[in-house]
Structures are given as structure tokens and as C-alpha cells.
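In what follows, a structure is listed as C-alpha cells, so that the remarks can point back to it.
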Amino acid sequence: MRPEEYIRATLPICLVPVDRGSTLPAILIAYQKGFVVFALSRRRILGGLLLSLGFSSLFAPKSVAAARDGFVIVNGWVLKRSDLDLMR
Amino acid sequence: MIFHAGAFGPEWFADRAFDVCVIGTGPAGLSLARRLARHGLTVALMEGGGTELSFESQEIYDGENVGADYWPLSASRRRFLGGSSNCWGGWCRAFDAADFDPVKHHPLSGWPIGKADLDPYAAETDEVLDVGAAEDMPASSFGKDTGDFRQIDFRFSQERLLAPRFMAELRASQKIQLFLEANLVDLELDDRRRTVRHAIFRSFMRPEKFEIQAKAFVLCLGGLENPRFLLNANRQIAAGIGNQHDLVGRFFNEHPHQNVGHVLLREPMLNREFYAPQRHLIEQQEILSFALYFSPVRQLSFTHELIRSAACNVAFIERLAEVVRGTDTRCYVGGLDDFLKQWRNPDIMLTGTLSIASEQALDRESRVRLGDDTDRFGMRRIELDWRYGELDFRTIRTAATAFGELLAESNVGRLKIADWLLDDTAVFPGTDTAQVGGPHHMCTTRMSDSPRQGVVDRDCRVHGMDNLFIGGSSVFATGGYSNPTYTIVQLALRLADHLAVSV
């Protein structure tokens with residue numbers, strides 16, 4: 001994922017990854033655009049977004065028949081519940 | 001022998017009588033006529049069109065769709081020698097044994113015959129449709145544990161156009177007389193209204209009608225035209241022939257064909273794979289049967305994959321997170337590594353789609369009826385009121401969800417269910433974006449031992465008639481999920497054997 005894409009989220013606080021070598025350009029671009037920049041791991045960014053925005057609003061499961069125990073349908077994706085833990 | 005009906009006057013036909021008059025030259029009519037001839041019976045084989053597509057013949061198929069979005073009625077079939085084999089995709093699969101069984105949550109389901117009644121005709125059906133022996137199925141992406149599903153296969157006709165293959169045989173036949181441009185316009189019944197005395201035809205060239213005399217008559221006009229003709233044949237029976245219980249044209253059945261999602265694959269896949277539900281899934285979820293087409297798609301380009309590599313060179317779970325959030329859909333597929341894999345083996349694909357061909361529930365209100373417009377012969381044209389319901393929609397949604405669970409559980413990939421399938425409005429995508437149906441026209445003169453539940457009996461004889469029979473998918477009691485042509489031919493060959501001993 002390119003640094004610009006994190007900035008494109010138009011958050012007042014910009015979270016950039018530290019794990020793929022894109023930290024410095026992302027920080028520079030974000031700083032130029034007036035963001036307050038926090039450098040976090042990508043997993044923590046996603047987890048933080050989920051927590052801050054609320055899981056239900058970001059991942060609004062739609063009602064689908066026969067989604068059995070151990071599975072969840074998130075934005076149309078049929079996932080294992082353990083997928084969610086790994087994504088955080 | 002082959003004749004153009006318009007070349008002769010009515011008197012020319014008056015002196016001729018046949019054992020069987022077969023009306024229609026599609027897969028049912030052709031295979032029926034050939035087997036009857038081998039039994040030594042004389043056959044009048046009647047084709048409304050000529051040897052090629054023509055406007056004057058094809059426009060007779062025009063009609064109106066008044067129900068669910070569906071293909072134009074003249075576009076989904078062909079009215080010339082060979083019938084709709086001229087627009088056939090070549091997919092072949094015999095019905096499963098379970099397709100003939102009643103299903104408790106599917107009212108009226110169940111055939112009066114079983115798979116064992118049709119299996120003896122498999123070898124000749126293979127020959128008629130030019131389909132070779134089954135090849136080994138590709139290894140399943142799921143290994144041996146396919147969960148609620150079973151891997152199935154389809155076979156494909158090598159030469160889908162039947163008429164050119166059989167033309168020389170028809171010309172040389174001493175038993176079959178093929179009449180081109182012979183359009184069926186009526187049947188003359190005896191005083192009891194139980195026996196067809198003769199069939200009445202018109203050619204395009206002459207205004208006068210001519211008659212064909214035979215001991216038995218078989219309508220092989222297709223799933224829309226069979227009921228259309230019976231309903232139009234109301235000169236002696238006001239409701240139409242065979243329609244004493246208002247069943248002709250009802251239960252119009254399709255195989256809804258829809259894309260139900262796309263798949264983020266963990267590893268590339270090589271071949272298209274087909275799956276059908278295990279019986280327990282159908283019973284537990286109270287759904288119908290279906291075939292899922294799990295297909296690899298998309299060729300990769302070096303430039304795009306180079307860019308994608310920089311953006312998407314992350315673990316599967318991270319790609320998944322991105323696409324689930326919808327923040328970066330580029331990483332569904334590809335990357336330089338994947339491009340190189342595909343470069344080394346062009347057959348592999350890195351993303352998949354999931355589509356379905358589903359069985360449809362029997363619905364009396366899904367039907368062929370007659371409109372007010374008439375064709376050049378005065379026959380009223382069709383209004384097709386195709387309907388689907390909650391069970392049809394739930395079947396597809398459950399199929400997609402259960403297969404998505406299998407993909408996730410086995411870690412083969414993850415399925416994104418198509419948006420339309422998650423929408424509570426339960427409307428299938430229309431012809432502007434989807435295949436919609438086979439087009440497969442089925443069940444409109446369905447088979448049942450009871451004249452109150454079907455138009456033909458187990459021998460394809462119209463209830464209440466002594467010598468009128470029907471061939472083709474209109475006699476299917478239920479549609480199953482398999483493409484119908486193979487079963488159409490099996491039924492026609494079986495009918496030939498019945499006629500050989502009863503005529």
C-alpha cells in the first residue's frame with residue numbers, strides 16, 4: 001500500500017505503517033499536508049481504526065442465511081471468525 | 001429423404017401415411033426419428049423452418065415477456081433444421097438419481113420415472129450428441145474434504161450442430177421422410193376427442209393446408225412451443241388439447257444462472273471446478289439443488305503486476321483485510337510473483353469467480369400463456385410470465401454462503417458474495433448484466449402419473465389422448481440443475497422404444 005493512500009483517508013490524525021519501508025515518505029507527505037502523524041504497525045492501525053470507528057459501523061454484517069458458527073459475513077465476505085483476530 | 005413441403009399440393013400428401021409423425025427437429029425430434037427408423041417404423045419428420053436461419057421462420061417465435069426479466073423469446077431458440085441445437089452450448093450431464101426423487105419441502109416434486117429408466121440410453125445419447133467418455137475430473141482445490149459439496153463434472157459435445165451431422169443419413173433414409181417448411185397449425189381429433197386423426201400443416205409458400213396421417217404423433221417443438229401449440233389447438237377442445245386441468249404451460253422452469261461472488265485465492269488455481277450440494281445440505285437447509293462453477297479468471301500483465309507487487313506484497317491475511325475493508329481492491333489478485341507463476345504456466349489463474357446454475361421451484365403461476373397477437377398462420381403468440389420465489393432466492397444465497405464457508409474453512413480463499421445476493425429485495429440481476437437463465441425452457445407439459453399434476457404420463461403420452469406424445473424438456477417433472485439436452489435425448493430414445501411396441 002502506498003503512503004498516499006493512508007493520507008487519502010482524510011483523517012485529522014494520520015497513521016502510517018512502519019513495517020514496509022514506506023514510513024519516511026508517508027510522514028513527509030502527511031506532515032506537508034498538515035496532519036499530526038503517528039507511526040504505528042499496520043496491524044495496530046487496522047485494529048485502532050476498528051476500535052475507534054466502532055466495529056459495527058466499519059464491518060456492518062449483512063443478514064445472510066446459513067452463516068454457521070465459526071463464520072461471519074463482513075461486507076459480503078465470508079470469513080472465519082479467527083480472520084478478524086488476525087486482521088486486527 | 002428430404003422434401004420441401006411447399007413444393008407439393010395437399011393431394012400429394014393425402015395418399016401418404018406413416019407410423020409416427022414427429023413434429024420438430026431439435027435434439028428430441030431428430031434422436032426420436034432416428035431410433036424409430038431403426039425399429040423399422042416409417043416416420044414423417046416435420047420441420048417448420050428450412051435448413052438455415054430465416055426471418056420468416058424465426059419471427060414465429062416472437063412473443064412477449066410479461067414476468068421476470070428474460071431473453072427475447074425469439075433469441076433463445078432457433079426455428080430451423082436442428083432446432084435449438086443450433087444455439088446449444090454443448091454442455092452435457094445426465095440427471096443424478098436424486099433429481100428424480102420427491103423433496104419434501106418442494107411441493108409436486110418427484111418424477112414418475114427414475115434414473116434407471118434413462119440409463120440404458122446413455123450410450124446412444126453420447127453418440128447422438130457426440131460427447132466422448134468422461135475425462136478425469138481435475139483435482140479439487142479442497143482435496144478430498146469438500147464438506148457439504150461433491151465435485152461433479154460436465155461433458156461437452158464435440159460437434160454441437162446436430163443437423164449437419166445427420167443430413168446424409170436423413171437423405172439416404174428409406175424410413176424417414178423429412179419435410180422442411182412444414183408448420184404445424186392444428187390437429188384433427190376423432191369424435192371422442194381422444195385420438196389424433198391427422199396433423200394439419202402449412203408451408204410458407206402455399207396458402208392451402210395439408211395433412212399428415214400417422215398412427216402416433218409426437219410434439220417436439222420445444223419447452224415454449226409445445227404448450228403454445230396445445231393451447232392454440234382449441235378448435236375441438238376449448239381449453240386446448242391436454243389442458244383439461246389447466247396445466248398446459250404452467251410450471252415454466254428455468255435454471256437461474258447468476259454470478260454469486262468472487263474469490264480471493266490464497267494460491268493460484270488451474271482449472272474450473274464444479275460442485276453440487278450433498279443431499280444433507282439440501283435437506284437441512286430446505287433448499288433445492290444447484291451446480292456451482294468455481295472458475296479461475298483473469299490474465300495478468302507484467303506492468304500491472306509490477307506495480308501491484310509494490311503495493312500488495314503482503315501476507316494473505318493483510319490482503320484480505322484490505323479488500324474486506326474495501327480500502328484497496330487492487331490486491332484481489334496478482335503481483336510479480338504471481339505473474340511469473342502464470343508466465344511459467346499460462347493456465348493458472350490467480351483469482352476466481354463463483355457462479356451458479358440453480359434448480360427452480362415449481363410454481364403454477366410461472367407460465368406460458370397465449371397473448372392476443374397472432375403469427376402469420378393465425379396462431380396466437382406467447383406471453384411468458386417467468387416467476388421465481390423465496391425458495392429460489394434462498395437456494396442461491398445458501399449455496400453461496402455455504403461454499404464461502406468451505407473456502408474459508410479450507411483456507412483455499414475467501415468469497416465476496418455478490419451485492420445483489422445480500423440485498424433483501426431478492427431480485428435477480430437482469431439480462432443487462434447477467435446470463436439470467438440457460439436459456440432452458442422446462443416443465444411446461446410436465447410428467448406425472450396424475451392428470452391433475454401433469455400433462456403427460458410416464459410414457460410422455462398426453463393425459464386423455466391415445467396417440468399424442470410429447471418430447472423435449474417441457475415434459476421434465478422438475479428441472480434439476482443439469483443442462484437439459486442430455487436428458488431430452490435420453491427421454492426421446494426411451495419414447496421411441498415405447499412407440500415401437502405400442503404403434
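Chain naming here is simple, since letters A, B, ... match the order of the sequence lines and numbering starts at 1 in each. The basis for the numbers below is simple: all heavy atoms, side chains too, and nothing from hydrogens, waters or symmetry mates.
- Looking at heavy atoms from C-beta onward, A:L79 lies in side-chain contact with B:L320 at the 4.5 angstrom threshold.
- Proximity to chain A is absent for every atom of B:Q284, based on heavy atoms less than 4.5 angstrom apart.
- In this structure, the side chains of A:L86 and B:E318 stay at 4.5 Å or more apart for every pair of heavy atoms.
- Scanning all heavy atoms of the two residues, the minimum distance from A:W77 to B:R414 falls at CZ3-O, 3.3 Å.
- Taking all atoms of both residues into account, the shortest heavy-atom contact from A:V78 to B:E405 is CG1-N, 3.6 Å.
- Residue A:G76 comes nearest to B:L422 through the heavy atom pair CA-CD1, 3.4 Å, listed as atom of the first residue, atom of the second, then distance.
- Taken to the nearest 0.5 Å, the CG atom of B:L415 stands 9.0 Å off from the CD1 atom of A:I73.
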